[in-house]
There are 2 protein chains.
Amino acid sequence: MLIFELMKNQNDIAVYLNQHGIKKTAFRVELLDLFFSNSSLTQEEIKEQIKETKNKVTIYRALEAFEKKGIIHKVPDINNVMRYALCQVGCCSEEAHTHNHIHFICKSCKSTYCIEEVKIPNINLPEGYQKEGVRLTVEGVCPRC
Amino acid sequence: MLIFELMKNQNDIAVYLNQHGIKKTAFRVELLDLFFSNSSLTQEEIKEQIKETKNKVTIYRALEAFEKKGIIHKVPDINNVMRYALCQVGCCSEEAHTHNHIHFICKSCKSTYCIEEVKIPNINLPEGYQKEGVRLTVEGVCPRC
DNA sequence: ATTACAAACGCAACTTAGTTGTGTTAAAAA
DNA sequence: TTTTTAACACAACTAAGTTGCGTTTGTAAT
């Protein structure tokens, strides 16, 4: 069950924000709504599409809050532009963003997908390397494109 | 055989630059020399250590040239800061940077290692995804730290 | 050795991402 | 209704990276 299937209207979104300890302001509702219809966004894409504010600080602080509360997470794309994407249910929490899954970034539509079905294979490093985190990003063309 | 084992003095470095179609200027020799003693560098680290120029444009254009000629390549670190690292022999060329290897970034000393010994395992994506490129970054602690 | 040409340099000016501080507004809890 | 605190807006700032252009210098051809 994906989160966005649960989100039918503005009220649901407001409740969702509240559950994560975030106040429902017109802007933050609009922003979260935007995330439910875009699998990932850059700050630039957000700025273009948001009506409620023109202020970049407001946008950054909202993204910061969303991330801290486990609603979204950051994934740098192939050109090192930061993309923000919704966390799937159970994937992230206020404490930790677990990213033991593959990120797929579509070259064409720029969507970021968290491929939950495929686990990152175990990587055996040479002697002496202590592995703590792994990030695997695949670029290509997504099913929709 | 690693490149830096071949590089004993300034003259070797000048020859190496020449072989890649880059003019030997005091700054570019110094920069390449710096790469032979640091497995990876950020532009900030470069600026700190370079004597020959204070000009950031000069630095960026040199990095650009080095990359285009297959001498170095770019690897974003865990905090999305761009790191520049020497290409191993046969790894990259003027045409293409083949990155079918793992990048290891040390949390402690910030070194970036290209782990040539370990190939990126094959990733089977769900139906519909067309894979074109894979980037695998491991963070942790390196043998030296 | 001299010239000629392109590569490299330096400077100024610019763009864009992201940050910090501060005073004000508004949502939600008391 | 009052109080508290999150969220907002604005200004000012830093840092990365880019573009244009006139000048200098390495190198290859004469």
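Sequence lines set the chain letters: A, B, ... in the order given, protein chains first and strands last, and positions in each chain run from 1.
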Could you tell me the separation between the CD atom of B:E52 and the CZ atom of B:R28, rounded to the nearest 0.5 Å?
13.0 Å
Counting only side-chain heavy atoms from C-beta out, which of D:dG17, D:dA28, C:dC11 sits nearest to B:N18?
D:dA28
Do A:L17 and A:F66 come within less than 4.5 Å of each other through their side chains, counting heavy atoms only?
yes
Taking only the side-chain nitrogens and oxygens of B:R28, find out if one of them lies under 4.0 Å from OP1 or OP2 of D:dG26.
no
In whole angstroms, how far is the C1' atom of D:dA11 from the NZ atom of A:K56?
11 Å
If I take atom CD in residue A:E52 and atom C1' in nucleotide D:dA7, what distance separates them, rounded to the nearest angstrom?
13 Å
Using modelled atom types and a 3.5 Å cut-off, is there a donor and acceptor pairing between side-chain atoms of A:K131 and backbone atoms of A:L125?
no
Closer to the 5' end of DNA chain D via nearest nucleotide, is it B:A26 or B:M82?
B:M82
Presence of B:R61 side-chain N/O under 4.0 Å of C:dG10 phosphate oxygens OP1/OP2:
no
Taking the minimum atom-to-atom distance to the side chain of B:K24, which one of C:dT19, D:dG17, D:dT27 wins?
D:dT27
Between B:I22 and B:E44, name the one whose nearest nucleotide on DNA chain D is closer to the 5' end.
B:E44
Kindly say whether, by distance alone, the side chain of B:K54 makes a donor-acceptor pair under 3.5 Å with the base of C:dG10?
no
Please state whether the base of C:dA6 and the side chain of B:K23 form at least one donor-acceptor pair under 3.5 Å?
yes
Figure out the CG/C1' separation between B:L17 and C:dA7, and round it to whole Å.
13 Å
Using whole Å, what does the distance between atom P of nucleotide D:dT18 and atom CD1 of B:I59 come to?
13 Å
Measure CD1/A:I46 against C1'/C:dT16 and give the value in whole Å, please.
15 Å
Once you round it to whole Å, what is the distance between C1' of C:dA26 and CZ of A:F27?
15 Å
Given C:dA8, is OP1 or OP2 found less than 4.0 Å from the side-chain N or O atoms of B:T25?
no
Whole angstrom is fine here: how far is it from CG in A:L31 over to P in D:dA7?
12 Å
Below 4.0 angstrom from OP1 or OP2 of C:dA8, is there any side-chain N or O of B:T58?
no
Do A:F27 and A:L34 sit in one hydrophobic cluster, given that two such residues count as connected whenever their side-chain heavy atoms are within less than 4.5 Å of each other, even indirectly?
yes
CD of A:E64 versus P of C:dA17: gap in Å, rounded?
17 Å
Using atom types as modelled and distance alone, determine if a side-chain donor or acceptor of A:N55 lies under 3.5 Å from a backbone N or O of A:T58.
yes
By nearest heavy atom, map B:A62 and A:V57 onto DNA chain C; which one lands nearer the 5' end?
B:A62
